[in-house]
Amino acid sequence: MVVGDELPEIIWMRPERPARGPVPAHSRARITEVALEIADAEGLEALSMRRVAKELGAGTMSLYRYVPSKDDLIELMVDAVIGEFIPEEGDLSGDWRTDLRLVAHHTRRAMRRHPWIAGRPGGMTFGPNALQVAEVALGAVDGLGLTIDQMMSVTGMVTSYVNGFVQNELMAAEVRRRTGLTDEQLMLANAPYIRSIMETGKHPLVERVILDARQPHMDPGERFEYGLESILDGIAGSLP
């Protein structure tokens, strides 16, 4: 939060430990790990500095020596999750399509492991892992004759697709959790309403989706691949 004309100090510019004084009992990495465990299990709404301190067996106020605010803690958490988006260097092939596909799959898996991050705006700034994943994604399309703005656009298309897909996956999972119904049972429950829509004849394209579309009947992994390949085909068609 900005107070007057004073701008917040970015967490990545703060030293992890003071130059003098006793060796810290905790580390940012360990604090972040505990915060992730809480958020992954109970959602971001369960996260507080008090709760993290309790799990660490530390005083709440002492935690602020390591992480100045909850916003800073979330910055650390987001960047830690983004670290899981990055493929191992040896897994990168040098083929732009293969490597963007690999980043997309790593991103989807990480977001499913940490569902609280889906749909969350990016951090206030690029953390170390965010910088690295940007370098990998941009590096995949470097040398294809694109300007840097075009490179940002095509990698952003892949990122936006993955984010949107995972958000929809998680919303569907929440519906199943809330209703206690399987996907098949939900489709059966909606069938009378769908029939009533079709009988009006007012939505011919929606009717085509209902009668002819394959995607609603694909498993999530297959549907993810189908959409991702369409995005990559579009990028391929735009290359010089």
Side-chain angles (χ1 to χ4, degrees), residues 36-37 39-44 77-78 80-88 90-93 95-122 129 133 136-137 140-141 153-199 203-238:
L36 284 172
E37 290 170 358
D40 290 349
E42 303 175 42
L44 204 57
M77 294 165 63
V78 168
V81 174
I82 289 174
E84 299 178 28
F85 298 0
I86 307 170
E88 295 292 333
D91 292 338
L92 296 171
S93 68
D95 173 73
W96 72 267
R97 187 166 183 141
T98 300
D99 291 346
L100 284 186
R101 186 186 295 116
L102 188 61
V103 172
H105 280 282
H106 276 256
T107 302
R108 178 180 176 232
R109 283 194 292 267
M111 292 178 70
R112 285 163 58 93
R113 281 193 294 267
H114 308 281
W116 56 269
I117 202 172
R120 179 174 179 76
N129 288 324
V133 77
V136 168
V141 295
S153 292
V154 297
T155 56
M157 288 167 60
V158 175
T159 300
S160 297
Y161 168 72
V162 178
N163 286 338
F165 189 92
V166 175
Q167 285 182 59
N168 287 333
E169 276 192 293
L170 295 175
M171 284 191 292
E174 175 58 20
V175 170
R176 291 193 296 270
R177 185 200 66 79
R178 193 175 67 247
T179 62
L181 300 175
T182 65
D183 286 339
E184 184 177 17
Q185 289 170 327
L186 286 166
M187 290 179 70
L188 288 172
N190 278 286
Y193 174 63
I194 297 300
R195 279 196 295 271
S196 71
I197 290 174
M198 294 173 64
E199 286 168 0
H203 305 283
L205 294 178
V206 173
E207 187 171 340
R208 284 181 59 190
V209 170
I210 295 166
L211 295 176
D212 301 329
R214 291 177 48 236
Q215 287 196 62
H217 306 286
M218 295 177 180
D219 67 68
E222 186 182 5
R223 193 162 62 250
F224 179 75
E225 283 280 358
Y226 184 91
L228 179 59
E229 292 306 310
S230 297
I231 296 290
L232 297 175
D233 285 344
I235 294 172
S238 71

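Positions are given from 1, in the same order as the sequence printed here. Computation of the quantities below employed the complete heavy-atom set of this structure, encompassing side-chain atoms and omitting hydrogens, waters and symmetry-equivalent molecules.
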Value for CD1 (I235) from OG (S230), rounded to nearest 0.5 Å, stands at 11.0 Å

CZ/R113 to CG/L36 distance, rounded to the nearest 0.5 angstrom? 11.5 Å

Any pair with a residue in residues 157-170 that passes salt bridge (charged side-chain N to carboxylate O under 4.0 Å, His left out), sequence neighbours left out, goes on the list, sorted by first then second residue, please. R108-E169, R112-E169

Before giving the answer on side chain to side chain contact (heavy atoms under 4.5 Å, CB included), spell out for L92 and V136 the whole-Å C-alpha distance, their side-chain angles and the decisive distance to 0.1 Å. CA-CA 9 Å; L92 296 171; V136 168; 4.1 Å; yes

dist M77:CE -> I82:CD1 (nearest 0.5 Å) comes out at 12.0 Å

Closest heavy-atom pair, V158 versus I231, reported as atoms and distance to 0.1 Å, is CG2-CG2, 4.1 Å

Between F224 and M218, does the side chain to side chain contact (heavy atoms under 4.5 Å, CB included) criterion hold? Intermediate values first, please. CA-CA 9 Å; F224 179 75; M218 295 177 180; over 6 Å; no

Checking D95 now: which residues fulfil salt bridge (charged side-chain N to carboxylate O under 4.0 Å, His left out) with it, not counting sequence neighbours? none

Quick one: closest heavy-atom pair of L170 and P115, and the distance? CD1-O, 3.7 Å

With W96 as reference, evaluate D99, T98, L100 under the side-chain contact (heavy atoms from CB on, under 4.5 Å) test and give the passing residue. L100

Minimum heavy-atom distance between A110 and V81, given as atom pair plus value: CB-O, 4.2 Å

Given side chains that start at C-beta, do those of V103 and P87 come closer than 4.5 Å, heavy atoms only? yes

Test: R109 and E84 ion pair at under 4.0 Å: no

Holding to side chain to side chain contact (heavy atoms under 4.5 Å, CB included), I want the full list of residues that pass it with T159, two or more places apart in sequence or in another chain. N163

Heavy-atom pair with the smallest gap, counting every atom of T155 and A137: CG2-O, 3.5 Å

Check: L211 and M198 side chains under 4.5 Å, non-hydrogen atoms: yes

Pair R176, D183 - check salt bridge (Lys or Arg N to Asp or Glu O under 4.0 Å), show working. CA-CA 7 Å; R176 291 193 296 270; D183 286 339; 3.1 Å; yes

Over all heavy atoms of both residues, which pair between M111 and A118 is shortest? Give the atoms and the distance, please. CE-CA, 3.7 Å

Got a sec, which pairs hit side chain to side chain donor-acceptor pair (under 3.5 Å) with one end in residues 203-217, sequence neighbours left out? none

Evaluate the ring planes of W116 and H114, with Trp represented by its six-membered ring, and classify them as parallel (under 30°), tilted (30 to 60°) or perpendicular (over 60°). perpendicular

Those residues that, when tested against E229, pass side chain to side chain contact (heavy atoms under 4.5 Å, CB included) (two or more places apart): R97, R101, E225, L232

Determine, stepwise, if the pair F165 / L228 fulfils side chain to side chain contact (heavy atoms under 4.5 Å, CB included). CA-CA 10 Å; F165 189 92; L228 179 59; over 6 Å; no

Heavy-atom closest pair (A104 atom, V162 atom, distance to 0.1 Å) is CB-CG2, 3.8 Å

Side chains of V175 and R178: closer than 4.5 Å at any heavy-atom pair? yes

Name each donor-acceptor pair under 3.5 Å that joins a side chain in residues 184-193 to protein atoms two or more places apart or in another chain, with its distance.
| residue | atom | partner | partner atom | Å |
| --- | --- | --- | --- | --- |
| Q185 | OE1 | T182 | N | 2.8 |
| Q185 | OE1 | T182 | OG1 | 3.4 |
| N190 | ND2 | L186 | O | 2.8 |

Side chain to side chain, V133 and T107, heavy atoms closer than 4.5 Å: no

